[in-house]
Amino acid sequence: MEKGTWLVKKGFAEMFKGGVIMDVTDAEQAKIAEEAGAVAVMALERVPADIRKAGGVARMASIAKIKEIMDAVSIPVMAKVRIGHIAEARILEALGVDFIDESEVLTPADDRFHINKHEFKVPFVCGARDLGEALRRIAEGAAMIRTKGEAGTGNVVEAVKHMRRVMDEIRRVQTMADEELVSYAKEIGAPVELVREVKRLGRLPVVNFAAGGIATPADAALMMMLGADGVFVGSGIFKSKEPAKMARAMVLAVTYWNDPEMLLKISEDIGEPMPGLEIGTLEVHMQERGW
Ligand SMILES: O=C(CO)[C@H](O)[C@H](O)COP(=O)(O)O
């Protein structure tokens, strides 16, 4: 099959279903993630909790670090670029990463336009807070969506809000008569063809993971209960007291999300989770980046 077609990119994302994708900043963390059973790792300079603390401009990770991570593991390696930063994306594609995250966790490079992801052979994942945003990103060529949550807070409340919103809107679309879809597409700022597809499929046309603020195995299981296809975890693992234990527990929780006895067992010995932040106290809301 030809490399980089829409079908291949979308199909690749489907292979991550039921799995955990872990943010990592170096080879050591990447190996912890791989050993824990992560389906992929996401290379970045700092996990979101540290990006939040450091302030300033957060950019694509250094090429040396991404190479170090690519050399360390055999699972797919994703890496983040700033929203709208076509050059960072071209560089990562040339480097040969497996997936690019056009991410609000980094400082946006363009305050109006996202990358036209159809122009790339490498697949992209993008964040969304509602159905309209998800479909706009898919229209631009995203092969995978992750609900945004509020990254780096250890607080799952925004992840829950965004996943519930997307799922509610999908249910709403399914109850609409066909003649309502054009107005609804206009209302949410999404192409009507994609709204029609959502109605037909009863879900997003691409895989939808949960992200941002997942800090315990119970949080990860909760996101699966709400309909996520899998989860991204960053700070929740590497800002916890025992990352290897927490990473393994996250993977098991996503597998056994519907088995309370197993979840109990998984949650018994995870060490101390990362500290959490109240959303009302935040100076930066990363979720508001992107349009
Ligand atoms: O954009 C992302 C997906 O890789 C974030 O890094 C992810 O949301 C992690 O957030 P957190 O640090 O709260 O787990």
Side-chain angles (χ1 to χ4, degrees), residues 13 16 19-25 29-30 33 38-54 58-61 66 69 75-83 92 97-108 114 123-129 133 137 142 144-163 207-220 222-223 228-240 243 246-247 249-251 253-254 273-279 282 284-290:
F16 299 132
V20 182
I21 299 172
M22 300 184 191
D23 285 356
V24 298
T25 60
Q29 291 186 352
V39 288
V41 289
M42 172 78 72
L44 71 176
E45 207 96 69
R46 302 184 175 96
V47 291
D50 290 334
I51 292 177
R52 205 171 266 294
K53 219 179 276 168
R59 310 181 180 95
M60 169 183 84
I66 302 172
I69 290 164
I75 53 177
V77 175
M78 303 182 165
K80 286 184 192 293
V81 299
R82 286 176 268 177
I83 290 173
L92 289 188
V97 301
D98 297 294
F99 232 97
I100 294 178
D101 184 1
E102 187 183 20
S103 178
E104 71 286 352
V105 164
L106 305 184
T107 312
H114 284 251
F124 280 71
V125 54
C126 288
R129 295 190 289 175
E133 194 175 12
R137 298 294 81 80
M144 179 179 187
I145 293 294
R146 52 174 177 75
T147 45
K148 287 178 171 173
E150 190 57 46
T153 60
N155 188 341
V156 80
V157 67
E158 298 298 294
V160 168
K161 190 193 290 178
H162 301 160
M163 187 56 71
V207 165
N208 183 26
F209 272 43
I214 295 165
T216 65
D219 287 350
L222 172 62
M223 297 317 301
D229 290 319
V231 301
F232 284 89
V233 188
S235 322
I237 291 170
F238 290 105
K239 301 310 281 182
S240 74
M246 187 61 90
M250 290 288 187
V251 169
V254 166
M274 71 176 283
L277 295 172
E278 263 296 345
I279 304 300
L282 302 178
V284 174
H285 293 93
M286 290 172 174
Q287 61 176 279
E288 286 167 10
R289 299 162 169 175

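These numbers were taken from a predicted model, which means no experiment stands behind them. Basis for what follows: all heavy atoms, side chains included, without hydrogens, waters or symmetry-related copies. Each ligand, and each atom within it, is numbered from 1 in the order the structure gives.
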Is it the side chain, the backbone, both or neither of S103 that has a heavy atom closer than 4.0 Å to ligand 1?
side chain
Please check whether A49 reaches ligand 1 - meaning an N/O of the residue sits under 3.5 Å from an N/O of the ligand, judged on distance alone.
no
Looking at non-hydrogen atoms alone, which of K148, K80, K239 comes nearest to atom 5 (C) of ligand 1?
K80
With distance as the sole criterion, is a donor-acceptor pair present between the side chains of H285 and E158 under 3.5 Å?
no
Atoms in ligand 1 with a heavy atom of R146 nearer than 4.0 Å:
1 (O), 3 (C)
Given side-chain contact (heavy atoms from CB on, under 4.5 Å), test E133 with I145 step by step and report yes or no.
CA-CA 10 Å; E133 194 175 12; I145 293 294; over 6 Å; no
Pull out every atom of ligand 1 sitting under 4.0 Å from any heavy atom of V233, numbered as shown with elements.
14 (O)
The atoms of ligand 1 lying under 4.0 Å from a heavy atom of M42, numbered in the order shown, are 4 (O)
Quick one: which residue pairs count as a salt bridge (charged side-chain N to carboxylate O under 4.0 Å, His left out) with a foot in residues 228-237, not counting sequence neighbours?
R203-D229
Note, T25 side chain near F238 side chain (heavy atom, < 4.5 Å)
no
Atoms in ligand 1 flagged as close to S235, the criterion being non-hydrogen separation under 4.0 Å:
11 (P), 12 (O), 14 (O)
Among all protein heavy atoms, pick the one closest to atom 14 (O) of ligand 1 and tell me residue, atom and distance.
G234 N, 2.8 Å
Does only the side chain of I21 get under 4.0 Å from ligand 1, or the backbone, or both, or neither? Count heavy atoms.
neither
If we only count N/O pairs under 3.5 Å, is A211 in contact with ligand 1?
no
Taking 4.0 angstrom as the limit and counting only heavy atoms of V105, give me the atoms of ligand 1 inside it, by number and element.
1 (O), 5 (C)
Evaluate the side-chain contact (heavy atoms from CB on, under 4.5 Å) criterion for residues I21 and F209: first the C-alpha distance (whole Å), next the side-chain angles of each, then the deciding distance (0.1 Å), finally the verdict.
CA-CA 9 Å; I21 299 172; F209 272 43; 3.8 Å; yes
Which residue supplies the protein heavy atom nearest to atom 10 (O) of ligand 1, what is that atom called, and how far is it?
A151 CB, 3.5 Å
Tell me the protein heavy atom at minimum distance from atom 8 (O) of ligand 1, and give that distance in Å.
G212 N, 3.1 Å
Name the one of K80, K148, R82 that satisfies salt bridge (charged side-chain N to carboxylate O under 4.0 Å, His left out) with D101?
K80
Does ligand 1 come near enough to G152 that some N or O of the ligand is less than 3.5 Å from an N or O of the residue?
yes
Would you mind running through ligand 1 and noting each atom that sits below 4.0 Å from a heavy atom of D101?
1 (O), 2 (C), 3 (C), 4 (O)
Note: R137-E102 ion pair, threshold 4.0 Å (strictly below)
no
Nearest protein heavy atom to atom 9 (C) of ligand 1, by residue and atom, and its distance?
D23 OD2, 3.5 Å
Number the atoms of ligand 1 from 1 as they appear, then name those within less than 4.0 Å of a heavy atom of G213, with their elements.
11 (P), 13 (O)
Tell me whether the count of non-hydrogen atoms from other residues, nucleotides or ligands lying under 6.0 Å of CZ in R129 goes above 12.
yes
Is a salt bridge present between R52 and E150, judged by a nitrogen-to-oxygen distance below 4.0 Å?
yes
Hey, could you give me the CG/CD1 distance between L222 and I214, rounded to the nearest 0.5 Å?
8.5 Å
Worked verdict on H162 versus Q287 for side-chain contact (heavy atoms from CB on, under 4.5 Å)
CA-CA 10 Å; H162 301 160; Q287 61 176 279; 3.1 Å; yes
Taking 4.0 Å as the limit for heavy-atom contacts, which would you say applies to E104 with ligand 1: side chain only, backbone only, both, or neither?
neither
